[in-house]
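Here the structure is laid out as structure tokens; the discussion comes afterwards.
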Amino acid sequence: MSEESRVYDVYQRPLRDLRISVTDRCNFRCRYCMPEETFGPDYEFLPKASLLSFEEITRLARLFVGLGVEKIRLTGGEPLLRKDLDVLVHMLATIDGLNDIALTTNASLLKKHAMKLKEAGLNRVNVSLDAINDETFGKMNGRGTKIKPVLDGIQAAKDAGLQVKINMVVQKGVNDHEIIPMAEYFRHTGHIVRFIEYMDVGNSNGWKFDHVVSKKEIVNQLSERYPLEEVEPLYYGEVANRFSYSDGAGEIGVISSVSDSFCSNCTRARLSADGTLYTCLFSSRGRSLRNPLRNGASDYEMKDLLESIWNKRDDRYSDERTEEKVANREKIEMSFIGG
């Protein structure tokens, strides 16, 4: 990808990463994402006709790659609820210039699909796992699901040759007591646990500043048990601060959107399951790509639209976050555009 082909936003941030939600449905009801009282049995999810087809997703992905995207992550909801996901992965893997295809999943269904996804061209999985204790995990996923199916999915991914990272959203008074047990469980496994500050994504999770366990608190707690050494980022725009265990037992990461914003080098765009493009995880509104796509727009017209949207992007929400702004801003739900 030549620098002339890349697109940049108002703050000269390049477009390099694309998150694609393939479904707004999930088999869990995690309180920070899809609380049961909001996403109950009567909640109306997107009808099948509203979802982008695999062909539409692949066409848009190819255009995004032409503008500088190097990595694509498939998200949800829970993406493994989308039938034949490996077919989409195979289609994306044929795109010249796409260097990495990843998947974010709760892993409860991963055991069945891991090998097929790897053979189709998937490179990595990020597993959302907020506790290693069955009781805490069951409360957090809102379904009482035990941890064994998730651990089985992680093992299946490892056996298939997929790189695995574990994402833990840390909430004060809810699962912060699980920080050390999570670190202990995954030390020496080769899997990186990334501890994520609880963020105000969407409007239904009742987020407040005092629910956040900060990066500093997480690192201090871990360092008391296992001394850590900070590691340089692997690439421009990496969201996690990296730390290695001094005893050589592996690595952890901390994602600190609240206490230590990384807006200045954010390179990510998000495409919802119904084909709406969002330029920030905390967006209030997006731009439909499905409508022009289905109304016959050419590749040239679509690429021009994508470039225009990114050129005008000026999102800096985490830099500007205040209690008042959180309370007064309507944001798209995380289950709609992925994490």
Side-chain angles (χ1 to χ4, degrees), residues 19-30 32-34 39 45 51 54 57 71-93 100-134 136-169 175 178 181-183 185-196 240 250 252-253 255 273 334-335 337-339:
R19 310 287 172 90
I20 303 175
S21 175
V22 296
T23 180
D24 61 334
R25 299 171 187 266
C26 187
N27 53 338
F28 284 2
R29 288 295 179 269
C30 302
Y32 61 82
C33 182
M34 295 180 70
F39 297 88
F45 291 97
L51 302 178
F54 288 173
I57 291 173
K71 301 178 181 180
I72 285 179
R73 177 178 302 282
L74 302 177
T75 70
E78 170 47 53
L80 292 178
L81 292 177
R82 182 77 183 256
K83 186 179 178 183
D84 298 324
L85 190 65
D86 59 296
V87 174
L88 173 60
V89 171
H90 179 72
M91 294 168 69
L92 294 173
D100 185 62
I101 306 173
L103 174 75
T104 295
T105 173
N106 62 37
S108 63
L109 305 172
L110 186 56
K111 181 179 179 180
K112 177 181 177 182
H113 299 285
M115 186 58 73
K116 285 195 301 182
L117 290 166
K118 173 62 177 178
E119 291 172 347
L122 190 72
N123 304 112
R124 301 181 292 117
V125 292
N126 281 11
V127 175
S128 301
L129 178 61
D130 298 319
I132 203 69
N133 172 270
D134 261 337
T136 304
F137 180 62
K139 288 178 180 177
M140 294 204 70
N141 65 52
R143 292 291 197 233
T145 302
K146 303 295 186 184
I147 199 167
K148 186 178 186 304
V150 176
L151 297 181
D152 287 347
I154 291 171
Q155 186 61 48
K158 181 178 181 179
D159 292 343
L162 292 164
Q163 181 190 3
V164 180
K165 291 182 180 178
I166 315 296
N167 288 344
M168 176 186 177
V169 175
N175 68 334
E178 286 280 282
M182 283 284 286
Y185 188 91
F186 289 105
R187 277 167 49 86
H188 299 290
T189 65
H191 304 324
I192 298 171
V193 179
R194 303 196 303 179
F195 300 94
I196 303 174
I252 62 103
I255 298 176
M334 184 163 65
S335 61
I337 57 172

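Sequence positions, counted from 1, serve as the residue numbers for this chain. Note that the coordinates shown come from a computational prediction; the quantities given were computed from them, not determined experimentally.
- When all heavy atoms of Ile147 and Asp134 are compared, the closest pair comes out as N-OD1, 2.8 Å.
- Legend: residues meeting side chain to side chain contact (heavy atoms under 4.5 Å, CB included) with Asn133, ordered by chain and number and at least two apart, are Glu135, Thr136, Glu178.
- In this structure, the side chain of Arg194 does not engage the main chain of Lys165 through any donor-acceptor pair within 3.5 Å.
- Ala93 approaches Ala120 most closely through the heavy-atom pair CB-O, 3.7 Å.
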Audit row: Ile252, Phe186, side-chain contact (heavy atoms from CB on, under 4.5 Å) steps and yes/no: CA-CA 9 Å; Ile252 62 103; Phe186 289 105; over 6 Å; no
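- How far CZ of Phe39 is from SG of Cys30: 11.5 Å, rounded to the nearest 0.5 Å.
- Checking Thr23 against Glu78 by side-chain atom types alone, no donor-acceptor pair falls below 3.5 Å.
- The side-chain heavy atoms of Thr104 and Arg19, taken from C-beta on, include no pair separated by under 4.5 Å.
- In this structure, Asn175 CG and Phe137 CZ are separated by 11.5 Å, a value rounded to the nearest 0.5 Å.
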Verdict with reasoning, His90 to Glu119, per side-chain contact (heavy atoms from CB on, under 4.5 Å): CA-CA 8 Å; His90 179 72; Glu119 291 172 347; over 6 Å; no
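- What you find for Ala160 and Met115 is that their closest heavy atoms are CA-CE, 3.7 Å.
- Residue Asn106 comes nearest to Leu109 through the heavy atom pair OD1-N, 4.5 Å, listed as atom of the first residue, atom of the second, then distance.
- Pairs engaging residues 141-156 under the side-chain hydrogen bond (donor to acceptor under 3.5 Å, both in side chains) rule: Glu36-Arg143, Lys148-Asp152, Gln155-Asp159 [sequence neighbours left out].
- One finds the CG atom of Asn123 at 11.0 Å from the CD1 atom of Ile72 (value rounded to the nearest 0.5 Å).
- Other residues, nucleotides and ligands contribute only 12 or fewer heavy atoms inside 6.0 Å of the NZ atom of Lys139.
- The minimum heavy-atom distance linking Gly253 with Ile192 is given by the pair N-CG2, 4.2 Å.
- Among all heavy-atom pairs drawn from Leu162 and Leu122, the shortest one is CD2-O, 3.2 Å.
- Taken to the nearest 0.5 Å, the OG1 atom of Thr105 stands 11.0 Å off from the CG atom of Leu74.
- Applying the 6.0 Å contact sphere to NZ of Lys118 captures more than 12 heavy atoms from other residues, nucleotides or ligands.
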Working for side-chain contact (heavy atoms from CB on, under 4.5 Å), residues Leu129 and Met182: CA-CA 9 Å; Leu129 178 61; Met182 283 284 286; 4.1 Å; yes
Steps toward side-chain contact (heavy atoms from CB on, under 4.5 Å) verdict (Tyr185, Ile166): CA-CA 11 Å; Tyr185 188 91; Ile166 315 296; over 6 Å; no
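- Atoms CE and OH, on Met140 and Tyr32 in that order, are 6.0 Å from each other to the nearest 0.5 Å.
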Enumerate, atom names and distances included, each donor-acceptor pair closer than 3.5 Å involving a side-chain atom of residues 80-87, sequence neighbours excluded.
unit_1, atom_1, unit_2, atom_2, d
Arg82, NH1, Val22, O, 2.8
Arg82, NH2, Leu52, O, 2.9

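- Summarising the geometry, atom OG1 belonging to Thr189 is positioned 8.5 Å from atom CD1 belonging to Ile154; distances are rounded to the nearest 0.5 Å.
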